[in-house]
Protein chains: 2
Amino acid sequence: MKVDENEVRRRLGHFEAVVRAAGVRLTHQRLEVFREVAGSLDHPDAEAVFRAVRKRLRTVSLDTVYRTLRLLEDLGVLGTLGPRRESMRFDANLASHHHYVCLRCGLVRDFESADMSALPIPAEVREVGEVHGTFVEVRGFCRACEGKRQEESTAKHQKRPKGQERRRTWRRRSGS
Amino acid sequence: MKVDENEVRRRLGHFEAVVRAAGVRLTHQRLEVFREVAGSLDHPDAEAVFRAVRKRLRTVSLDTVYRTLRLLEDLGVLGTLGPRRESMRFDANLASHHHYVCLRCGLVRDFESADMSALPIPAEVREVGEVHGTFVEVRGFCRACEGKRQEESTAKHQKRPKGQERRRTWRRRSGS
DNA sequence: CTGACTGCAAACCCTTTGCAGACCG
DNA sequence: CGGTCTGCAAAGGGTTTGCAGTCAG
């Protein structure tokens with residue numbers, strides 16, 4: 001599926017402006033990666049972008065696509081689908097409920113809301129396919145993270161502090 | 001955070017009943033893994049469960065925790081947070097919008113809804129932290145997948161004559 | 001020109017899987 | 001006791017990173 005041509009042009013303009021303002025270089029690779037995502041309706045992943053971009057830039061590498069997507073996300077011209085999840089998380093609450101998710105530490109808290117559980121589904125959505133359920137995710141920064149967020153907010157691109165993403169202790173295999 | 005003790009007991013009862021009905025064995029490991037998730041409010045990931053369970057079963061392995069969580073999910077006594085995502089997906093649409101997600105092929109389609117964008121946030125949620133945005137995900141099976149789903153719907157862990165364990169092998173990537 | 005960027009490959013993290021011994025029922 | 005399960009190690013798939021050569025500004 002393709003995005004409207006005018007909208008794509010608008011996005012490209014914004015993209016170039018942001019890139020220039022951030023002082024990073026505007027390379028073919030970056031332009032083509034952005035153009036691909038900007039012109040696509042179906043939320044491609046890195047490999048889909050890679051396959052598409054490689055048709056025009058035959059020497060582009062998957063690594064560059066990853067690096068570029070990450071850069072564009074940091075610059076704020078691209079978003080990702082859902083908050084970043086390092087790993088799969090489990091839930092024994094089988095009743096209908098919704099989630100509050102902290103964008104910094106990943107804390108998740110359940111809540112219930114009759115309003116949210118009974119949302120009317122737009123007709124255009126029903127045309128896409130059968131509806132199985134509706135889930136609401138409220139995102140924000142939890143009490144504990146609100147403060148800590150400030151110091152990190154200056155991070156432009158390049159050196160992302162990724163302070164909270166502390167790689168936890170891994171499993172000790174041999175020995176121990 | 002801890003779940004109410006009565007609720008935990010109820011969940012454990014349901015768990016044992018389902019395990020028995022499915023004809024799979026009720027081992028210490030499985031019991032402890034389930035107890036850990038059932039008693040936790042914060043949606044632990046496999047490693048968090050592993051760390052907690054290992055305090056009581058010092059020899060448990062991370063692999064078993066993974067296997068058990070997957071089993072419990074298949075049995076329907078546990079759920080996962082959000083639909084399974086094989087990889088990160090990107091989006092150049094920065095305007096407020098919501099998503100329809102196909103649970104089988106991963107297709108994502110944007111849509112807008114004034115109702116959904118203006119949902120009132122329950123007071124209890126505001127206490128958890130600052131609210132940054134509200135995102136609605138409508139899940140179901142898209143037109144293309146509705147049919148194919150039937151054939152796959154055979155039970156995964158039901159009691160069944162030996163020799164025909166079905167393994168799920170779908171690892172398709174979403175199509176454009 | 002010169003340092004930011006790219007391509008390559010190897011590392012990393014989370015998760016799954018093949019195998020042989022352990023243990024539930 | 002026999003077939004499930006577990007623990008182990010190693011593979012897999014997605015993503016990141018160190019390095020040296022390359023290209024935008």
Side-chain angles (χ1 to χ4, degrees), chain A residues 16 19-20 22-33 44-51 53-54 57-75 80-81 84-90 106 156-160 162 165-176, chain B residues 16 19-20 22-33 44-51 53-54 57-74 80-81 84-90 106 157 159-163 165 167-174:
Chain A
E16 292 194 21
V19 163
R20 223 175 300 277
V24 299
R25 293 183 176 169
L26 180 46
T27 62
H28 315 241
Q29 291 93 331
R30 286 175 179 174
L31 181 60
E32 292 303 331
V33 165
D45 60 13
E47 203 165 307
V49 173
F50 173 58
R51 285 196 305 269
V53 167
R54 193 165 49 168
L57 293 178
R58 268 161 287 174
T59 69
V60 77
S61 76
L62 180 56
D63 323 66
T64 295
V65 171
Y66 271 110
R67 249 184 305 225
T68 301
L69 288 169
R70 183 67 84 101
L71 170 70
L72 298 183
E73 185 194 351
D74 286 348
L75 291 178
T80 62
L81 200 57
R84 193 164 292 153
R85 283 188 199 122
E86 324 167 314
S87 50
M88 191 170 302
R89 298 175 63 166
F90 298 85
K156 289 263 176 180
H157 42 89
Q158 303 211 339
K159 298 157 198 186
R160 49 193 294 116
K162 65 192 316 183
E165 286 181 50
R166 302 211 40 63
R167 293 275 62 111
R168 13 190 106 125
T169 57
W170 56 235
R171 55 218 279 214
R172 299 143 161 146
R173 289 255 118 144
S174 41
S176 167
Chain B
E16 293 195 19
V19 162
R20 221 176 300 278
V24 300
R25 293 185 174 165
L26 181 45
T27 62
H28 315 258
Q29 291 91 333
R30 287 176 178 172
L31 182 60
E32 292 303 332
V33 165
D45 60 12
E47 202 163 306
V49 173
F50 172 59
R51 285 197 304 271
V53 167
R54 193 164 52 166
L57 293 178
R58 268 161 290 173
T59 69
V60 77
S61 76
L62 180 56
D63 321 68
T64 293
V65 171
Y66 271 109
R67 250 185 305 226
T68 300
L69 288 169
R70 181 68 82 102
L71 170 70
L72 299 182
E73 185 194 353
D74 286 349
T80 62
L81 202 57
R84 198 164 287 157
R85 286 194 193 112
E86 325 166 311
S87 50
M88 190 169 302
R89 299 175 61 166
F90 298 85
H157 281 278
K159 252 183 199 165
R160 50 174 42 253
K162 67 176 227 178
E165 248 303 288
R167 275 265 143 224
R168 82 164 104 175
T169 43
W170 50 288
R171 203 156 269 273
R172 291 262 124 272
R173 196 170 301 285
S174 127

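In the text below, chain A, chain B and the rest are named by the order of the sequence lines, each starting its count at 1. Because only heavy atoms are used, hydrogens play no part in the values below, and waters and symmetry mates are left out as well, while side chains stay in. Treat the numbers as computed from the prediction; the structure is a model and nothing was measured.
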task = Ignoring the backbone of B:Ser87, work out which of D:dG14, D:dG7, C:dG7 is nearest its side chain.
result =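 Shortest atom-to-atom distance from the side chain points to D:dG14.
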
Measure the distance from [atom1] on [X] to [atom2] on [N] and round it to the nearest whole Å.
X	N	atom1	atom2	result
B:Glu86	D:dG12	CD	P	18 Å
A:Leu57	C:dT6	CG	C1'	12 Å
B:Arg58	D:dG7	CZ	P	14 Å
B:Arg20	D:dT4	CZ	P	18 Å
B:Arg54	D:dG7	CZ	P	11 Å
B:Glu47	C:dT15	CD	C1'	11 Å
B:Leu62	D:dA9	CG	P	13 Å
B:Asp45	C:dC13	CG	C1'	12 Å

key: Counterpart residues, side-chain contact (heavy atoms from CB on, under 4.5 Å), relative to A:Leu62 (two or more places apart)   = A:Phe50, A:Tyr66

Distance below 4.0 Å between [X] side-chain N/O and [N] OP1 or OP2:
X	N	answer
A:Thr59	C:dG7	yes
B:Arg30	D:dT6	yes
A:Ser61	C:dG7	yes

Side-chain donor or acceptor of B:Arg89 paired with backbone N/O of B:Gly106 under 3.5 Å =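 At least one qualifying donor-acceptor pair exists.
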
ask   = Side chains of B:Val19 and B:Arg30: does their closest heavy-atom pair fall under 4.5 Å?
value =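 A side-chain contact under 4.5 Å is absent here.
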
ask   = At what distance, to the nearest 0.5 angstrom, does NE2 of A:His28 lie from OG1 of A:Thr59?
value =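 Interatomic distance, A:His28 NE2 to A:Thr59 OG1, rounded to 0.5 Å: 9.0 Å.
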
key: Closest non-hydrogen atom pair, A:Ala22 against A:Leu75   = CB-CD2, 3.6 Å

key: Over all atoms of both residues, closest heavy-atom pair of B:Val60 and B:Gln29   =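 Smallest interatomic distance, heavy atoms only, reads CG2-CG, 3.9 Å.
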
note = Whether each nucleotide of nucleotides 18-25 of chain D has a protein heavy atom under 4.0 Å at its base (B), only at its sugar-phosphate (S) or at neither (-) is summarised, 5' to 3', as B-----BS

Partners meeting side chain to side chain donor-acceptor pair (under 3.5 Å) with A:Arg54 (sequence neighbours left out) =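 Expected list: none.
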
